[in-house]
Amino acid sequence: MTPSLPPLKRIAAIHDLSGLGKCSLTVALPVISATGVECACIPTAVLSTHTGEFTGWTLRDLTDDMLPIAHHWKRTGATFAGVYSGYLASPEQAETLERIFALLVGPETLTVVDPVMADNGSYYSNLDDRMCSAFRRLIAHADVVTPNVTEAALLAGLAYEPEKHSSAYLQALFDALRVLGPRIVTITGVRPETGVIGNVAFDCRTGEAFSCMRPAHSGVFYGTGDLFAASLAALLVRGAPLQKALETATLLTDDSICRSLCHDTPRRFGVDFEGALPQYIRRVEEIFA
Ligand code: PXL
């Protein structure tokens, strides 16, 4: 049969595999696939659950396997339109990641670094300033970075603002982050006014700013940063314009939160993105129609 479709693009997703709790690879894999991009995975660690609101979780650090996986991939001749990294099991893994980037990133590869380390003003369990320093280094290799407000403040060395985020505050975060080297900075969980929450993006080359806001729901929703970053990475890899990618990734996140509220799913088990995927796929198809 003569091929009539363009070849599928491929992302290497480098993140932990938390078996239960719907975050990291267990959301990145379905969301990247639903965006029409192949998702190859390098797990940084295998955990029984994520580390928020669960106790007694198990963790197996996979540092020793990561580089051999990338070397094997390289030998197969596979190429990567995107490399997307998330949660690291240790700050030392950032060095392994730099070596993986050197192996897998070609001239056309989009690199997306989600500096997963903190939320709501504090570091996740077992993480500290050493992780922040490691991410500062890693971001020098990134085209796109996707911190939440807490992570952006830590990386920028600015105080975390728990309530409203003024445009002056967001500009200060962008100015500090652009110096670290990325081309696009997005910040998630931005609250410009009471009752409103959303995501913003800044193109460091043109100075253009973009935003997508939704009605806020109170409390913490685990895995939503991963959902957003995986969707944004896949949409940008497919060539979506930044504003469209921002909107589509934000709507997927918000729809998933709304569905969890409808199902009354206990927060620590993650958001119900599954039922939001059909509408998401329709939105993706419209972008590339
Ligand atoms: O969703 C972010 C995340 C990813 N991976 C692990 C986590 C968290 C947040 O708590 O614990 C293992």
Side-chain angles (χ1 to χ4, degrees), residues 11-32 39 41-63 65-66 84-94 96-97 112-128 130-132 134-135 138-139 144-155 160 186-189 197 199 217 219-234 249-250 252-254 256-257 260 265-274 276:
I11 285 183
I14 310 171
H15 223 315
D16 73 281
L17 199 167
S18 287
L20 183 72
K22 291 196 275 189
C23 68
S24 40
L25 281 182
T26 62
V27 303
L29 184 50
V31 165
I32 291 172
C39 182
C41 302
I42 301 186
T44 56
V46 174
L47 293 91
S48 50
T49 64
H50 61 71
T51 64
E53 264 186 75
F54 285 103
T55 52
W57 32 269
T58 69
L59 185 151
R60 181 170 300 270
D61 183 316
L62 293 178
T63 309
D65 296 273
M66 291 167 62
Y84 151 57
S85 76
Y87 182 91
L88 306 183
S90 67
E92 290 73 30
Q93 278 193 347
T96 310
L97 237 71
V112 179
V113 172
D114 188 6
V116 179
M117 60 180 161
D119 204 359
N120 294 301
S122 7
Y123 280 108
Y124 293 138
S125 274
N126 292 1
L127 306 185
D128 57 28
R130 291 188 322 128
M131 192 58 99
C132 187
F135 275 127
L138 196 59
I139 284 171
V144 184
V145 280
T146 57
N148 59 35
V149 177
T150 303
E151 291 157 346
L154 286 167
L155 290 165
Y160 166 67
T186 66
I187 304 182
T188 59
I197 193 164
N199 305 317
H217 305 284
V220 176
F221 294 93
Y222 291 98
T224 49
D226 306 334
L227 201 59
F228 172 82
S231 163
L232 187 89
T250 304
L252 170 66
T253 312
D254 185 52
S256 305
I257 291 173
S260 307
T265 304
R267 294 291 174 96
R268 64 183 186 160
F269 288 105
V271 290
D272 295 338
F273 68 90
E274 296 85 347

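Read the numbers this way: they start at 1 and go in the same order the structure lists the ligands and their atoms. Since we're looking at a predicted model, the values are computed, not measured.
- With sequence neighbours left out, Y124 forms a side-chain hydrogen bond (donor to acceptor under 3.5 Å, both in side chains) with no residue at all.
- Near ligand 1, D16, S18, C23, S24, L47, H50, T51, G52, Y87, V116, Y124, G223, D226 each place a heavy atom less than 4.0 angstrom from the ligand.
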Next item on the list: Given salt bridge (Lys or Arg N to Asp or Glu O under 4.0 Å), test D272 with K22 step by step and report yes or no.
Entry: CA-CA 9 Å; D272 295 338; K22 291 196 275 189; 2.9 Å; yes
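- In this structure, the side-chain hydrogen bond (donor to acceptor under 3.5 Å, both in side chains) partners of D254, at least two apart in sequence or on a different chain, are R214.
- For Y87 and H50, the ring centers sit 6.0 Å or farther from each other.
- For T150, the side chain to side chain contact (heavy atoms under 4.5 Å, CB included) test picks out A118, D119, N148, L154, Y160, with sequence neighbours left out.
- Figure legend: cation-pi geometry between R267 and Y222 absent, as NZ or CZ is not positioned both under 6.0 Å from the six-membered ring centre and within 45° of its axis.
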